[in-house]
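Please read all numbers here as calculations on a predicted model, not as lab measurements. Per chain, numbering begins at 1; letters A, B, ... match sequence-line order.
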Protein chains: 2
Amino acid sequence: MLYTLSLRKVAKYRADMNQTTTTQPLRWEDSKLVILDQRRLPGAIEFIEASDYLQVADAIKEMCVRGAPAIGVAGAYGAVLGALKVQTQDREAFLRQLRNIVDTLLRTRPTAVNLRWALERIELAAERGSDVSGIKALITEEAKKIHREEADATDRLSEYGADLIAGCATIMTHCNAGALATCGCGTALGVIRAAARQGKIERVIVDETRPLFQGARLTAWELKQEGIPVTLIVDSAAGHFLSRGLVNCVIVGADRIAANGDTANKIGTYSVADLASENGVPFYVAAPVSTVDLSLSSGDQIPIEERRPEEVTGIGSTRFAATGIQVANPAFDVTPSRYITAIITDRGVARPPYQVSLSRLIKGHA
Amino acid sequence: MLYTLSLRKVAKYRADMNQTTTTQPLRWEDSKLVILDQRRLPGAIEFIEASDYLQVADAIKEMCVRGAPAIGVAGAYGAVLGALKVQTQDREAFLRQLRNIVDTLLRTRPTAVNLRWALERIELAAERGSDVSGIKALITEEAKKIHREEADATDRLSEYGADLIAGCATIMTHCNAGALATCGCGTALGVIRAAARQGKIERVIVDETRPLFQGARLTAWELKQEGIPVTLIVDSAAGHFLSRGLVNCVIVGADRIAANGDTANKIGTYSVADLASENGVPFYVAAPVSTVDLSLSSGDQIPIEERRPEEVTGIGSTRFAATGIQVANPAFDVTPSRYITAIITDRGVARPPYQVSLSRLIKGHA
């Protein structure tokens with residue numbers, strides 16, 4: 001186990017888990033947000049029943065729920081949970097309190113833009129209500145709509161992405177951009193799932209993804225459940241496999257994509273992209289348009305979250321690293337767009353130059 | 001702890017450890033080989049007292065002793081331990097038994113050429129003896145000579161390497177190429193130590209080196225003991241730091257260098273080399289000439305050891321990876337010589353084209 005559980009209320013669900021419920025990171029039930037605790041997967045299937053927005057903030061910060069699209073959805077529901085408990089009937093006072101709730105949720109993780117995107121939608125929905133109870137109903141509906149739309153988006157982008165995969169493909173992926181990360185069938189793994197349904201996938205090479213092992217724990221587990229063959233490797237072996245001609249393409253998710261196509265994703269993504277490029281292997285990013293941030297002209301402006309040293313120096317209570325040293329633990333890196341063959345979105349596939357193609361995909365449908 | 005201890009005799013030494021004894025991987029004492037158990041560092045300082053060559057073979061295979069130069073020295077002493085127990089007085093029968101002992105030791109790990117190099121020296125020394133007791137004395141002396149020479153070699157190459165480092169340098173290294181790996185002051189870390197004595201080192205960025213964490217456990221520990229500032233990172237963050245201009249040069253060790261300069265080293269080295277090249281950061285390999293294998297024209301011919309899946313799927317008795325999946329665990333990769341700025345040896349610094357420069361360094365002194 002990666003952490004001691006700091007959240008106040010943990011509900012354990014048992015037995016009758018089918019695949020859909022075990023890989024769905026979030027469920028909205030009886031005005032509560034049920035969060036699959038991804039820190040414990042695949043060893044234990046446990047859920048956190050959040051009735052308070054601070055629980056949701058903590059669950060995002062502690063990575064019980066992770067993955068850019070999923071934390072967007074979680075953030076939206078978190079704002080709803082917070083709003084439902086606000087007692088005032090004064091519209092302006094209510095909106096001010098909602099603003100504070102949103103700010104707290106926004107501060108949990110800085111890199112994925114989906115959180116900001118979803119919370120902005122909640123605030124816009126709130127503006128449309130004329131009284132407090134109306135606003136509460138409107139933002140609850142908006143959160144559900146975001147949830148539904150983000151799930152649908154992964155279905156659409158998966159189909160676009162599968163068209164890019166030739167048969168008998170060995171695909172490499174980094175981190176987890178699956179159902180667990182997205183509330184749908186996944187971004188990178190959605191594409192792989194769709195291609196697998198078309199009989200095109202021979203094997204997926206999964207980078208383990210230090211420090212939190214999302215590849216070894218989550219991606220390998222999701223693919224295994226689907227019956228897709230997995231080969232797990234340490235992150236630093238990616239170059240070895242790419243250089244030996246053993247990979248047909250790489251597909252990853254994204255936490256934020258700047259207007260020029262520069263992409264922030266889990267630490268190590270840039271390395272894999274550079275190595276893919278060096279070895280002539282196509283490198284695809286798969287993400288819903290909620291991950292695209294046209295307000296940033298390039299990736300240099302994307303904030304990179306620095307997480308705690310203990311993620312690197314040990315596992316659980318076991319410390320293996322030497323003591324008395326510094327640790328740097330950036331959770332993300334930025335892949336310059338020149339390494340990216342195409343960006344697969346729910347509105348179609350963007351090709352370089354991304355300034356033009358991304359803008360056209362997004363503004364064309366705005 | 002990474003493994004259950006499979007070796008038969010473990011002797012614990014305590015207290016009065018000074019820096020030299022704690023970082024010396026091997027000591028020859030009273031016709032026994034005392035091996036520092038590097039699997040347990042830095043948490044515990046324990047030694048294995050080997051009186052039998054099979055114990056030495058096991059210690060090499062299980063990575064109680066590791067690092068190309070150190071396993072060469074351990075192999076030489078292992079052959080001596082085996083030979084000392086051979087009872088026959090018949091010279092030819094003795095040499096045949098020595099051949100079997102050498103074969104067993106050679107099979108322990110395939111990639112580092114130093115093991116073969118050292119065992120060939122032992123066999124050549126044996127040939128020079130006219131009777132069994134004479135041979136036993138000759139090979140014992142030869143093993144001690146290899147030990148001494150390999151230690152001296154690291155001193156010399158460290159000085160050559162330090163000349164390449166400009167002041168205020170932040171250096172990145174991968175795996176452990178330190179005192180623990182070499183019986184001397186280290187290859188990559190020898191260079192760093194020598195440069196630090198000249199006041200040129202600001203900080204060393206240490207890749208943790210999955211799956212066995214030699215960077216986090218051994219390199220960070222060695223450097224900390226020397227008072228050299230360390231920043232530990234996960235392997236996949238190397239690209240992030242290289243791309244942000246935070247690294248002045250990379251220095252690594254080597255397990256085998258082909259005639260054209262292609263270099264086998266710990267898995268992940270190729271990735272770091274490619275990323276260094278992409279970002280205009282010099283990439284140096286430091287190794288004694290015992291690591292150069294002129295019999296191989298290129299790195300394609302270097303055998304790559306595949307180690308057990310459990311190194312990747314968990315740590316100690318904790319399994320974190322999903323079950324029912326394949327694992328690939330190559331222990332080394334090959335860095336093409338085009339990524340290598342220079343190869344620092346105990347006979348001087350080789351520059352491209354390496355076919356010429358390596359051959360000149362080695363044959364010029366043969």
**Asked** Quick one: are B/L275 and A/Y270 in side-chain contact, heavy atoms under 4.5 Å?
**Response** yes

**Message:** Show the nearest heavy-atom pair for residues A/S271 and B/S236, with the distance to one decimal.
**Reply:** OG-O, 3.6 Å

**Prompt:** If you draw a 6.0 Å radius around NZ in A/K200, do more than 12 non-hydrogen atoms from other residues or ligands fall strictly inside?
**Reply:** yes

**Asked** chain A: which of B/D333, B/T269, B/I267 shares the most heavy-atom pairs with it under 4.5 Å?
**Response** B/I267

**Message:** Within this structure, what is the CD1-CG distance for the pair A/I233 and B/N329, rounded to the nearest 0.5 Å?
**Reply:** 10.5 Å

**Item:** Heavy-atom side-chain proximity of A/V312 to B/E208 below 4.5 angstrom
**Value:** yes

**Item:** Closest non-hydrogen atom pair, B/R217 against A/F320
**Value:** CG-O, 3.2 Å

**Request:** Could you tell me which portion of A/R319 (side chain, backbone, both or neither) has an atom closer than 4.5 angstrom to a non-hydrogen atom of chain B?
**Result:** neither

**Message:** If I take atom CD1 from residue A/I325 and atom NZ from residue B/K224, how far apart are they, to the nearest 0.5 angstrom?
**Reply:** 9.0 Å

**Fill in**
Whatever's closer than 4.5 Å to a heavy atom in chain B on A/F332 counts as backbone

**Prompt:** Checking heavy atoms, do the side chain of A/D274, its backbone, both or neither come under 4.5 Å from chain B?
**Reply:** both

**Asked** Is there side-chain contact between A/P330 and B/F241, with heavy atoms separated by less than 4.5 Å?
**Response** yes

**Asked** Quick one: what part of A/I304 sits under 4.5 Å from any heavy atom of chain B, side chain, backbone, both or neither?
**Response** side chain

**Request:** Pick whichever of A/V234, A/L242, A/T313 has the most heavy-atom pairs under 4.5 Å with chain B.
**Result:** A/V234

**Item:** Segment of A/D235 engaging chain B (4.5 angstrom heavy-atom cut-off)
**Value:** side chain

**Request:** Ignoring hydrogens and angles, state whether a donor on the side chain of A/E278 or B/Y339 is under 3.5 Å from an acceptor on the partner side chain.
**Result:** yes

**Asked** Based on non-hydrogen pairs under 4.5 Å, which of B/S243, B/P229, B/P309 is most in contact with chain A?
**Response** B/S243

**Asked** By a 4.5 Å heavy-atom criterion (distance strictly below it), what part of A/T323 contacts chain B: side chain, backbone, both, or neither?
**Response** backbone

**Asked** Under a 4.5 Å heavy-atom cut-off, does chain B meet the side chain of A/D300, its backbone, both or neither?
**Response** neither

